[in-house]
Amino acid sequence: MEQRPLIAKVALSIPVHKEFDFIIPDLLQSVATIGKRAKVPLRNRERWGVIIAITEESRVSSDLEALITVADDPSYTVADVEFCRWMSDRYLAPLGIVINRPLPQRVTESVKRYYQSTVGVTEAALVIDKLKRRAPRQAALLQVISTISTSMISEAELSGQLGEVRRQLIRLREEGLIKEVQPTTQTRESLPILSIDETAAVKQICAKFTQGGRVLLHGRDRRGIYHHVVAEAIKRGESALILVPERLLLSQIFHSFRTQWGEIVEIYHGGLSEGERGRIWNRVRSGDCLIIVGTRSAIFLPFTNLRLIIIDEEQDSSYKQQDMLPYYHAREATFMKGEITRKHRQAPLLLLGSVAPSVETFHATHTEEIELIRLKQQARKSDVEIKVIDLRRVRKSDLCISPQLRQAITATLSHGKKVLLIVNRRGYFPVVLCKECGQSLRCPQCGINLVYHFTTSQLLCHLCSTVYHQMRCSQCHSRALRFLGVGTQRVEAEINRLFPAAATIRIDTDTMRKKKEQLSFTRRDSDIVIGTPMVAKGSQWTQLGLVGVVSADTFLGRPDFRAAERTFQLLANSVSQIESGRIIIQTYFPDQYAIRYFALDDYDGFYHEEIDYRKQFFYPPFSYLAKIILRDNDQQQKKIEMIKKILAPFPVDLLGPTKTPGVKKEEKYLLVKGATSTSVCEATTALLHAISELRIDIDPL
DNA sequence: AGATGCACTTAT
DNA sequence: TAAGTGCATCTA
């Protein structure tokens with residue numbers, strides 16, 4: 001008897017909250033399965049999508065088209081499709097976008113060349129010194145290769161860090177300073193030796209392997225523990241995913257696992273080439289690769305036997321995708337990944353790590369959704385001294401470097417150690433006031449403060465990059481201006497004046513545009529580093545003796561209920577940069593609780609004060625938020641009225657509209673605030689159905 | 001008439 | 001997303 005053809009539901013990469021049905025032709029019957037990529041006809045064109053379901057019926061009345069082809073790889077597992085569907089529902093992003101964006105379209109079987117240093121670190125340092133002048137690029141290259149010592153590094157990864165390096169590699173090989181190695185000739189190192197405290201923590205964590213679960217590891221120096229826990233997962237023949245917040249932090253941790261485990265370890269992030277991502281995708285799917293060190297997008301990889309997910313620096317805001325759909329939080333997504341894995345096979349263990357955990361996570365350890373394991377030394381190292389400088393008592397307050405900080409810098413440099421200065425804003429004067437009307441100068445397009453850049457003598461909008469040559473008030477056109485605030489350029493200028501002999505480097509978005517190789521080289525070589533908070537992430541620095549937070553108030557003063565938390569975390573991160581030495585914090589509010597508790601090395605004290613504040617003002621984790629983003633258009637007011645009307649029957653509050661700080665043009669947002677996650681979810685889903693073209697950010701940061 | 005621009009619709 | 005449509009405006 002004639003059988004009716006099966007129908008494939010295909011999620012296409014178009015911003016529409018629906019999937020499309022196609023007939024599966026007989027020939028493709030066996031290959032068209034859930035999770036595979038399929039080529040389909042759409043409006044007389046061909047497009048690729050992902051098969052998310054196979055059904056017998058279609059609710060589409062007109063004649064259906066048929067699938068054109070099905071690609072065998074790369075593909076998703078059934079559990080991955082379920083995961084993407086959850087993400088689409090949770091973060092209100094079309095499934096087609098969620099599922100197609102991380103999936104590579106191509107796979108390359110590239111033959112990669114790996115290199116290793118043939119000389120020791122000390123010997124390499126001598127050669128580097130000699131090479132520096134004549135061949136700076138070779139010097140930088142050797143620097144990178146020699147610091148990973150017994151590990152190996154591929155040309156692809158090197159050029160990712162330093163730019164085009166082929167000729168320099170050949171030259172260094174000719175000189176006998178490096179050699180090409182096969183990935184298999186790897187020397188395995190034994191696991192790091194742990195303290196009694198750490199051994200106990202490993203034991204406690206590994207005990208959770210049988211049932212799975214969530215653990216927060218609170219403390220510093222977590223790497224050794226990670227190694228042991230990963231070893232346990234691998235011993236069981238299963239895989240581990242190690243997440244870090246940013247690409248910059250991948251290399252170090254990746255190489256420490258590479259030396260341990262060889263080729264079963266891969267690095268993964270969104271910046272890899274399509275082909276490379278495809279290759280890793282397949283290796284994960286087939287089980288050839290068991291350990292992934294990656295950024296948030298690595299949660300989409302098609303693991304078939306995932307047993308462990310480590311989320312290091314779990315408090316870091318980079319885990320939330322902010323710039324494109326879906327606006328997901330990788331920490332929350334791993335929780336669901338865990339649930340889905342549990343359903344399909346076995347519950348994995350989720351291990352969150354931080355010195356200064358997010359308020360949400362720490363709160364969850366009290367409600368017992370997450371188990372807390374603490375290391376004895378939580379944040380402070382015994383030989384790190386923390387000093388808060390009360391700027392109200394500093395006389396020459398027109399300078400950004402107080403005499404105390406200046407003195408500390410002098411002392412640090414004289415000991416041959418390096419200095420890291422953290423400044424929140426880039427440019428010279430981040431605030432320009434008009435003396436006539438008292439208004440700050442703003443970008444007429446974006447409505448954010450214009451920043452004075454000294455080097456170019458111009459006013460710059462940091463958002464749309466528009467340059468204003470005319471130095472006059474945009475409101476009243478007065479030329480009488482007052483320049484205020486502390487930016488990276490201003491600190492740099494002041495440091496150059498105070499310490500003319502020191503080698504200084506500034507690291508912010510302005511200088512990052514410079515050639516990669518120059519930067520990565522000089523950053524290791526400078527005495528004083530001045531940078532935006534990104535320089536305090538991970539542990540990128542060696543030989544640091546002092547971290548100076550030039551103005552803690554610019555962090556505290558942000559219009560954000562998380563300002564105190566962010567400040568505490570930044571300060572805690574600055575400690576991780578140092579082995580021994582000093583942290584100096586300059587502030588006009590030394591009694592502010594984030595600063596006070598940090599100076600006392602008391603995370604719990606901070607947490608209790610912060611959680612009281614959150615409770616009192618009904619902020620997360622006591623309430624749930626969603627941000628409704630209104631792009632600029634003339635119907636804004638009308639839309640706001642509609643939103644109010646639609647939300648009226650729901651048990652949620654509506655706040656705003658507010659101009660989005662630091663975001664383009666006339667963009668405004670409304671905040672939906674509810675007592676349960678369900679109430680916010682139902683309200684926002686209703687909105688999405690009623691008004692298309694709305695951007696909704698669930699659990700915004 | 002034909003070209004160009006722009007807002008709006010909608011796909012299986 | 002991006003092709004197709006209708007409608008207004010411009011050009012010679």
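These numbers come from the heavy atoms of this one structure, side chains and all, not from hydrogens, waters or symmetry mates. Convention: sequence-line order gives letters A, B, ...; per-chain numbering from 1.
Taking atom CD1 of A:I52 as the reference point, atom C1' of B:dT12 lies 13 Å away to the nearest angstrom. In this structure, A:L6 places its CG atom 21 Å from P of B:dT12, rounding to the nearest Å. The separation between A:R47 atom CZ and B:dT12 atom P is 12 Å, rounded to whole Å.
Listed by chain and number, the residues in a side-chain contact (heavy atoms from CB on, under 4.5 Å) with A:N424 are A:P533, A:T554, A:F555 (sequence neighbours excluded). Scanning for side-chain contact (heavy atoms from CB on, under 4.5 Å) contacts around A:T532 gives A:T488, A:D508, A:M534, with sequence neighbours left out. Evaluation of the side chain to side chain donor-acceptor pair (under 3.5 Å) rule for A:E19 yields no partner, not counting sequence neighbours.
The pair A:K537-A:D316 meets the salt-bridge criterion, since a charged nitrogen lies less than 4.0 angstrom from a carboxylate oxygen. Ion pairing between a basic and an acidic side chain is recognised when a charged N comes within 4.0 Å of a carboxylate O; A:E276 and A:R279 show such pairing.
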Can you check side-chain contact (heavy atoms from CB on, under 4.5 Å) on A:Q315 and A:T361, steps first, answer last?
CA-CA 8 Å; A:Q315 83 295 339; A:T361 299; over 6 Å; no
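A:R214 forms a cation-pi arrangement with A:F335, by the criterion of a distance under 6.0 Å to the ring centre and an angle within 45° of the ring axis.
Close approach of DNA chain C to chain A, defined as any atom under 4.0 Å from a non-hydrogen atom of the protein, starts and stops at C:dT1 to C:dA3.
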Side-chain donor/acceptor pairs under 3.5 Å, residues 21-31 of chain A, sequence neighbours excluded:
{"from": "A:D21", "atom 1": "OD1", "to": "A:K9", "atom 2": "NZ", "distance (Å)": "2.9"}
{"from": "A:D21", "atom 1": "OD2", "to": "A:K9", "atom 2": "NZ", "distance (Å)": "3.4"}
{"from": "A:D21", "atom 1": "OD2", "to": "A:S58", "atom 2": "OG", "distance (Å)": "2.6"}

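Remark: A:I14, A:P15 in residues 13-21 of chain A come within less than 4.0 Å of DNA chain C through at least one heavy atom.
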